[in-house]
Structure formats: structure tokens, C-alpha cells
**Student:** 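Take this structure, written in C-alpha cells, and hold onto it; I'll ask about it next.
The first residue of the sequence shown is numbered 1, and numbering continues consecutively from there.
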Amino acid sequence: MPELSHRRRLLVLAICCMSLLIVSLDNTVLNVALPSLQRDLHAQTSGLQWTIDAYTLVLASLLMLAGSTADRIGRKRVFMAGLVVFGLGSLLCSLAPSLELLVVFRMVQAVGGSMLNPVAMSIITNTFTDPRERARAIGVWGAVVGISMAAGPLVGGLLVESVGWRSIFWVNLPVGLAALLLTLRFVPESRAPKARRPDPVGQVLVIALFGALTYSIIEAPDSGLTTVLPYAAIALAALLGLLWYEPRRTEPLIDLRFFRSAPFSGATVIAVSAFAALGGFLFLSTLYLQNVRGLNALHAGLWMLPMATPAFLCAPLSGRLVGSRGPRLPLLIAGAAMTASAVLFAGFEAETSNGTLAVGYVLFGIGFGFVNAPITNTAVSGMPRAQAGVAAAVASTSRQLGQTLGVAVVGALLASGIGSSPYRQAFVSAARPGWWVLVACGAAVLVLGALTSGTWARRTAERTADRLQENEVRQAAGAGV
């Protein structure tokens, strides 16, 4: 891809951020609409989990395929296709007559979304070649997630109260259309120097692993362990199959050699932990504010501003810190803040007091604001540029998998705790095990942030990058012969 002017690079960044905005906004807006959707479609807790997890699950399953496909056939082409499919899925969601069809249409949305975030990140990585400039660009990218958290509850609350929950999907249509037209005009095409071959077996194993694992967790409270045990066995078999099959492929869907890099492995687990905390936090907060406190969607959205605003403000600061001092400090701040927030809810029932509820929200917003930039920068910065799409896709997959598991685990614990008890009376005590899960997620971010950002970890990243580069050279030489 030719070197672009500074102004053109900023325009490309803005276009890519538009795609992230609609994908991220969709989840935060939907969380506020869950109680209204529950009443209109007569959904149980598991049904609410599936409206979120069907989306994140398909995203997690297809992101790596989308990243490698974009590297192979062209990032701009795949990005534009994703915008079209995402817009179509959004329109269908707004027309869904039942919970089952809403879940199906959310999956259509996710197919389009899988072609957006990792591909956009790959475009950014190949557009901003200077490490410091790239770190700042990724900081802006992370700030967009904060914008979606800040705007999502308010936009969702206004739409749900004034028009109805179906209108939350209409927001995606004008933004997606504008991004499509701007991409067509201003984003240059790019692809990896050497095309990666498809890996259909690896893709099927990934879908089986994520799908069976999520189903086992969500349905366990209602169906019982005996019913979900076969799905847990399928998940285990798929995992073992991936570990056996992928290293034997020349061009695997998941290149397990990436995980020899301690920073890359740490960033992957941190992403799962941080976004599991986000998914569980939003799920519990929304149900508590509306179903227990009795707030409407708009007032619940206003209550989430103490969380959303710090996330928005801290994301660009985190990007600058990563560019100037590396990922350690942002990760330590993120882990400490998220852990402290979850401890307030798990140990001190912070939701029962307005003051502690606000403090818990502010702490979580600070933590989440600091965590995004170091995850993304660490995942892509140590890899050869030709592997940027796959590396970014692994990072994005980790985020979506984390959010999927967070909603599944926390929702399952909540459903088990409530049982047949009155919902409002049982909620706080039933939610406590879920909050302790979020404490563990925050602690994982803190500990892994300290362990995988030191000198030893950087050396493993350098060795991994060198080996990947050498392997590419050998493959290119072999192809030339």
C-alpha cells in the first residue's frame, strides 16, 4: 500500500472508527433495551443472554477467518462487504417478530461485524507504520469504544422510551451507509504480500468450541448438567482437535506460534478477562437498574454515565502512555481499577447505595478505558506486517469471546441464584457470585499486565517475530523454487 499523506491517514482512521462505533454501540444500546425486550418478547434470563451472546459468539467464531480472508483477497473489499451485511442484519433485527428470529438476525449482524473490526484494525496498522503514530491511532480507536459506552446508554434510553426497542437498530443504517461511501472513495486497497490458504477444518473446530461451550454455560441452570454435558464434551474435543491439527498446517487459521510471545499471550488472556468483566458488568447493571430499582431505560442510561465518561476520557490517555512508556502502566491501572470496582459490588453490595454505586461505576470506567489500547498495540506491534490481519483478528476474537463468556457465566449464576424466588428480593444476593467472577477477571488483568510487559516478555516477542519472519522467508524461497 503506498504511503499516504497525514491528512489522508487521519481520514482512513476516522472511517475505520465509524465501523467500530456501530459495532460497539450496538451492544451498549441493546443492554439498556433488555428489560423492554424481555417484556415485549416474554424472554427468560437465558433468552436475554442469547440476544447478546448470539452476536458476540458469531463474531468470535468468524473474526480470524475474516482477518485472514481480508489479508488474502483485499482488506477494503472485505470491509465494504461487512458494512453491507451489518446494515442488512440491523434492518432485519428491527423487524424481528419473535425472540428466536431476533437471535437469528443478530447472527446475521455478527457475520457483517466480523468483517469490520479486525479488518479495520489491519487497515490502521498498515496505514500508520510509525510505532508512536500507530499507538496514538490505536488510542483514538480505543476512545471510540468509550464514546459508544457514553452515547449508547443515552441513545438507547431515548430511543426505547420514545419509539421502542426496535429503533435501536436503526442507528446503524445511516452511519453504515456513510462509512460505505467514504470507504469506496478514500480507503486504498491493501492485502498481505502472500495469500494465506483457507483452513475449513480449523474454522469448523473454532465454531464447535465456542458454540458448544457457550450453550453449555447458558443452558445449564434451566436444562441441568446432564443435558448440557454432551455439549461440554464437544467443546473439549474441539479444543483438543485444534491443538493437534493447527500446528500441522503450513498456514493455519490460528497460528499457535504467536502464543510463544509472552506479551501476545498475555494480551489475549487480558482481552478475554477484561471483556468478560465488561459483558457481565453491563448485564448485571442494566437488569438491576431497571428490574430492581424500577428505573426506565433513559434514567438507567443516565446512571451509567459515571462509568461511560471515564472510559471515554481515559482511552486516548492510555494510547499516549502506550506510545511513550509501553503497556505496563496502563494495564496496571486498568487491572487495579476494575478489581476495586468489582470488590465494591461483591463484598460491599455497592449497588444498594447511590454513593457506592457511582464510585463503582467510575472505577470500572477508568479501568476499561485504560485496558483497550495496550491490548491492541501489544497484539499487532510485535508481529510481521504481513500477519497484521491475523494478529488483529486474534485480539478481536479474544474480546468477543470474553464478552460472550462474561454474559454466559454471570447470567447463569444469576439465574441459578434467583431460581423461583421473587426477582427483586433475590437479585442482590443472587448477583454476588457473578460479581466475584468479575473480581477474578480484574485481578487477571492486573497480574498478567505486570508479568507480560517486562524485559523478559519483550525478548520472547522479539524471538517470536524473528522466527515468524524467517519462516515467511523460507516459504517464499520455496515457492520461488
**Student:** Please report the closest heavy-atom contact between Ala66 and Val119, naming both atoms and the distance.
**Tutor:** O-CG2, 4.0 Å
**Student:** List the residues meeting side chain to side chain contact (heavy atoms under 4.5 Å, CB included) with Leu448, not counting sequence neighbours, and say none if there are none.
**Tutor:** Val269, Ile270
**Student:** What's the spacing between Trp165 CH2 and Leu30 CG if we round to 0.5 Å?
**Tutor:** 9.0 Å
**Student:** How far does CD of Gln49 sit from OG1 of Thr56, to the nearest 0.5 angstrom?
**Tutor:** 11.0 Å
**Student:** Should Thr268 and Phe258 count as side-chain neighbours, where that means a heavy-atom distance under 4.5 Å?
**Tutor:** no
**Student:** Do Leu83 and Leu116 come close enough that some side-chain heavy atom pair is under 4.5 Å?
**Tutor:** yes
**Student:** Minimum heavy-atom separation for Ser94 and Leu91, please, with both atom names.
**Tutor:** OG-O, 2.6 Å
**Student:** Sequence neighbours left out, what passes side-chain hydrogen bond (donor to acceptor under 3.5 Å, both in side chains) with Ser90? Give chain and number order.
**Tutor:** Gln109, Asn172
**Student:** To the nearest 0.5 Å, what is the distance between CG on Leu25 and CG on Leu21?
**Tutor:** 5.5 Å
**Student:** Could you tell me whether the side chain of Leu34 reaches within less than 4.5 Å of the side chain of Ile52, counting heavy atoms only?
**Tutor:** yes
**Student:** Between Phe264 and Val394, is a side-chain contact (heavy atoms from CB on, under 4.5 Å) present by the stated rule, with each step listed?
**Tutor:** CA-CA 10 Å; Phe264 183 88; Val394 172; 3.5 Å; yes
**Student:** Considering all heavy atoms of both residues, which atom of Leu209 and which atom of Ala235 are nearest to each other, and what is their separation?
**Tutor:** CD1-O, 3.2 Å
**Student:** Can you give me every donor-acceptor pair (side chain of residues 436-443, partner residue at least two apart or in another chain, under 3.5 Å) with its distance?
**Tutor:**
none

**Student:** Over all heavy atoms of both residues, which pair between Leu101 and Ala96 is shortest? Give the atoms and the distance, please.
**Tutor:** C-CB, 4.2 Å
**Student:** Are Val187 and Phe79 close enough, and set up right, to give a side-chain contact (heavy atoms from CB on, under 4.5 Å), and what steps lead you there?
**Tutor:** CA-CA 10 Å; Val187 176; Phe79 187 70; 5.7 Å; no
**Student:** Within this structure, what is the CE-CG distance for the pair Met64 and Asp255, rounded to the nearest 0.5 Å?
**Tutor:** 11.5 Å
**Student:** Output the distance between atom CG (Leu287) and atom CD (Gln38), rounded to the nearest 0.5 Å.
**Tutor:** 7.0 Å
**Student:** Quick one: list whatever passes salt bridge (charged side-chain N to carboxylate O under 4.0 Å, His left out) with Arg249, sequence neighbours left out.
**Tutor:** Asp199
**Student:** Looking at every non-hydrogen atom in both residues, tell me the closest pair between Leu13 and Ile124 and how far apart they are.
**Tutor:** CD1-CD1, 3.7 Å
**Student:** Is there a side-chain contact (heavy atoms from CB on, under 4.5 Å) between Leu240 and Tyr245? Walk through the geometry before answering.
**Tutor:** CA-CA 9 Å; Leu240 295 175; Tyr245 177 77; over 6 Å; no
**Student:** Step by step, would you call Arg39 with Ser36 a side-chain hydrogen bond (donor to acceptor under 3.5 Å, both in side chains)?
**Tutor:** CA-CA 5 Å; Arg39 290 190 296 270; Ser36 297; 3.3 Å; yes
**Student:** Are the side chains of Leu451 and Val447 in contact, using a 4.5 Å heavy-atom criterion?
**Tutor:** yes
**Student:** Run the ring-centre check on Phe281 versus Phe345 and record whether the distance is less than 6.0 Å.
**Tutor:** yes
**Student:** Which atom pair, heavy atoms only, marks the closest approach of Thr460 to Pro263?
**Tutor:** OG1-CD, 3.5 Å
**Student:** If only side-chain N and O atoms count, and only distance matters, is there a donor-acceptor pair under 3.5 Å linking Arg75 with Ser190?
**Tutor:** yes
**Student:** From Arg106 CZ over to Leu99 CG, what is the distance, rounded to the nearest 0.5 angstrom?
**Tutor:** 11.5 Å
**Student:** Would Cys93 and Leu102 count as a side-chain contact (heavy atoms from CB on, under 4.5 Å) if you check the C-alpha gap in whole Å, the side-chain angles of each, and the deciding distance to 0.1 Å?
**Tutor:** CA-CA 6 Å; Cys93 285; Leu102 177 61; 4.0 Å; yes
**Student:** I want to know whether Phe105 and Phe169 have ring centres closer than 6.0 Å.
**Tutor:** no
**Student:** Return all side-chain donor-acceptor pairs below 3.5 angstrom for residues 212-221, not counting sequence neighbours, or 'none' if the list is empty.
**Tutor:**
from	atom 1	to	atom 2	distance (Å)
Thr214	OG1	Phe210	O	2.8
Ser216	OG	Ala212	O	2.7
Ser216	OG	Ala232	N	3.2
Glu219	OE2	Trp50	NE1	2.8

**Student:** For Gln290, give me all partners under side-chain hydrogen bond (donor to acceptor under 3.5 Å, both in side chains), at least two apart in sequence or on another chain.
**Tutor:** none
**Student:** Is any side-chain heavy atom of Thr286 closer than 4.5 Å to a side-chain heavy atom of Pro35?
**Tutor:** yes
